[in-house]
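We use all heavy atoms of the structure for the numbers below, so side chains are in, but hydrogens, waters and symmetry mates are not. Each chain gets a letter, A, B and so on, in the order its sequence line appears, and its residues count up from 1.
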Number of protein chains: 2
Amino acid sequence: MLHNELKARRLGIDTYRERVVFMRYDCPVCRAEGFRSMGRVRVSLGERSVIATLDVVQGNLLGGDEIGFSEAAWNALGAHDGDCVRIFHPDTLDSFSAVRNKIYGGRFSQSDLHNIVRDLTAGRYSSIEIAAFITACAGDRMSTEETIALTQAMVDSGTRLAWPQHPVVDKHCVGGLPGNRTTPILVPIVAACGLTIPKTSSRAITSPAGTADTMEVLAPVDLTLEHMRRVVEREGGCVVWGGSMALSPADDLLIQVERPLDFDSTGQLTASILSKKLSAGSSHLLIDMPVGPTAKVRDDKAAAALRARLLAVGEAVGLKLRVVCSDGLQPVGRGIGPALEALDVLAVLRCDAAAPQDLRERALLLAGHLLELGGKAADGEGLGLAARTLDSGAAWDKFQAICTAQGGLREPGRAAHRLPVTAARSGVVTRIDNRRLARVAKLAGAPMAPAAGVELLARLGQRVAADEPVYLIHAEAPGELDYAANYAGSRPDIIHVEDIP
Amino acid sequence: MLHNELKARRLGIDTYRERVVFMRYDCPVCRAEGFRSMGRVRVSLGERSVIATLDVVQGNLLGGDEIGFSEAAWNALGAHDGDCVRIFHPDTLDSFSAVRNKIYGGRFSQSDLHNIVRDLTAGRYSSIEIAAFITACAGDRMSTEETIALTQAMVDSGTRLAWPQHPVVDKHCVGGLPGNRTTPILVPIVAACGLTIPKTSSRAITSPAGTADTMEVLAPVDLTLEHMRRVVEREGGCVVWGGSMALSPADDLLIQVERPLDFDSTGQLTASILSKKLSAGSSHLLIDMPVGPTAKVRDDKAAAALRARLLAVGEAVGLKLRVVCSDGLQPVGRGIGPALEALDVLAVLRCDAAAPQDLRERALLLAGHLLELGGKAADGEGLGLAARTLDSGAAWDKFQAICTAQGGLREPGRAAHRLPVTAARSGVVTRIDNRRLARVAKLAGAPMAPAAGVELLARLGQRVAADEPVYLIHAEAPGELDYAANYAGSRPDIIHVEDIP
């Protein structure tokens, strides 16, 4: 074996997206090359090569001639146990000096962001380097020019879909409002009206459920590009997970670190949204922006800033945009979490009398805007067309057809463990803390545990009695139920009740 | 075993400072508690408890009733193989919401920083959360008030030494200037003049060598507090590593992540310096601030800002400060890296004719200021006293006595591998890129490989012939020599030579 060769061994350690390799501190390669823990190494096998973070190992976990791989590193290299791989020092990560410069108050040039996104996509950034980049861009530290450049760089980093149809409409919700699951309702409405809407959705970033997480409860969303094309060709629309399409792959890597950090930023949010939509081949995009003190967009000032940023960047990259600001004071529907939200979606599509009206109205409002944006209705007439399409059952038929085409409609599962949270006093519900309610749902296991989450029983303005349940926690595991319950118990003000006679 | 109990097993995986535990995806605890990779868990054994990042494991690395530990997690918990430990969901990290708020443009309150530093010190922050905090504070994003609060919080997080003597003087170099190793020279000078200088130094953050790294080549620096007290009592001074004293331990955790990220910030730099000095019990502090385009402090504007911040915070926390701005245009002495710098130090202390004059002059200048600050010389007379103390041999005698008291003076080792880097053309050296030269030394293995680094052969203004060596790379491992040589080869302008007739 050469001086820098070791035998590959899959350790089966799942370090999430981060690529990690393990070597004995006393192995010939560590000794010769002077590698140390938390250092970065390049491991190559034939033509393929990955940059990974090194953990140095003592004891007998590995042989002296072996190199261990985390799952992410193993899959990226495509090695087999026993393969001889070569280990090198990686080239210095020059693009990170632009991140440093940004942190010191500089600006990103177009080529800075191109190089950063290229290195990100190639897996050359460690998770702490990604965390630093995300933080450097957070708040409103990205200018419009920087955001345009980041958006373009992210589009260039992956596949870009092209569709024969025109226009190709799309919709995105800025999020931050639990349960705001309008997409699976409006897609069949506008598709039934003849618009083309190949909807690729993301999984949750910092919320208890992304549209893809919720839709996955109802039908397969992890489709190949070919399969997605067939669905859209036949039904005019789909609701699939965009992650498997390699659309804006850099965005997915950023999301992996944003999730535990639990924050987004104007610039990154804009680039994330628009790069995904551009890559998906959309020509017309409707953006739903809920605004409220505990929504992701907290007030009109923040909404105006994000709206302006989205419109400016959208125009620069050639997307026809309409931004609708909606009320973000309280969750939409009753369910928070994939399965619980899916139940609300089904109720609205089936026109159940008990269906949450607020979800129905939001979906119709947005579908109306989309029909106008896409030229199927004159301004002011979209809402009526949307309502007729839903009430006639055409939307429900279309939804079932889409689910069938995606692999089959299925019923949401129920959580094994539930716990009611009661009002601390009698009175009127005057505030709902969406962020903390979402936190309860996340602590209960959402979105990775699909049936977990929160079932909201009280609405703003509703009168409740002391000890009356205001929401139910659903969990798949008892430990998660306790965890969420402890958090909820220590914050009784999540549903704020005032003593109003 | 209880539903949340597993058997502890030391895996011998060195994840540096980050605490990581490993569990099988199908172990009862993961199933019951719904733990997932990159999640955070609390592991407790009797009274002790650690928060760690979880890596989920497939395959046979672990038994279903076992939990594996990284070295950092193992040492923090103090477990033994086979101990039954209990695994919990950690409390939510409330202090991190203050980091989020800061990133969104808010300010840290005193209690925010107190809580953040408390959680940091307790090991509750993952490395990506630390990276986000560091980035949020980077550049000049910390106000003076925030810096004062951070400094106090860092002091409160650890031990604070008290000394019977007064004044207790200290010196710190803001760094960024390779080879600027004046401390081991000025400590014996001022101690020989009767001042008390219990010098605790740090290891390198982003430089090829910290004072502690260099001093360790000459004598043990990893002393217990009691041992350090004896040295100071007998000799009036010492040069030891502060890390083992638990002075401002939060600072050390921040440094572990700053190192790979390779950036500092005004606020954090100020808090890092002053918290260490306050904790060390200093009353009078001299700060050496090299200024130059490629030094850490790049120009007079940056110097003025940092100087003002240091003075303001110093006054607020009760430290008598003097800040001396010095020339940061080129490295000091010849050596860059622990052993190479130690050789320069010995030459100056021994008054060798061949000793680097620039290092000698800097050390004398600073020693003079310290003698004035500490009241051993009138203003303007410190330099003369310092020079007499060095030339009389009194400083060299004192240095040997200090080394003996610390555990014995030893000679620096030499690197096994060397490579000359030659001038690209003939002419005059008009610029030296300190940052890239330091990078070469780091790629060669400094500071962890003590004999590695760069030996500078050319100075500013010196005339060199084409292909004349301008510096030597020293490395302990051939791989590191190649790595540094490749980097140096791709940046021939590190020593800029102009064709001046």
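- With a 4.5 Å cut-off on non-hydrogen atoms, B/Phe133 does not touch chain A at all.
- In terms of the side chain to side chain contact (heavy atoms under 4.5 Å, CB included) criterion, residue partners of B/Ser44 (sequence neighbours excluded) are, by chain and number, B/Arg42, B/Ser49, B/Arg86, B/Phe88.
- Salt-bridge formation is detected for the pair A/Asp94/B/Arg491: a Lys NZ or Arg NE/NH1/NH2 atom is positioned less than 4.0 Å from an Asp or Glu carboxylate oxygen.
- Pairing each heavy atom of B/Val57 with each of A/Leu11, the nearest pair is CG1-O, 4.5 Å.
- Proximity to chain B is absent for every atom of A/Asn101, based on heavy atoms less than 4.5 angstrom apart.
- Residues B/Ile128 and A/Ala131 share a closest heavy-atom pair of O-CB, 3.8 Å.
- In this structure, CD in B/Glu71 is found 5.0 Å from CD in A/Gln58, a value given to the nearest 0.5 Å.
- When all heavy atoms of B/Ala132 and A/Leu261 are compared, the closest pair comes out as CB-CD2, 3.9 Å.
- Considering all non-hydrogen atoms of both residues, B/Arg141 and A/Lys102 come closest at NH2-O, 4.1 Å.
- The choice from A/Pro90, A/Ala452, A/Gly105 that makes the most heavy-atom pairs within less than 4.5 Å of chain B is A/Pro90.
- With a 4.5 Å cut-off on non-hydrogen atoms, A/Leu443 touches chain B through its side chain but not through its backbone.
- Note that the CZ atom of B/Arg10 and the CG atom of A/Leu61 stand 13.0 Å from one another [nearest 0.5 Å].
- Contacts of A/Phe22 classified as ring-ring contact (aromatic ring centres under 6.0 Å, His included), with partners at least two apart in sequence or in another chain: none.
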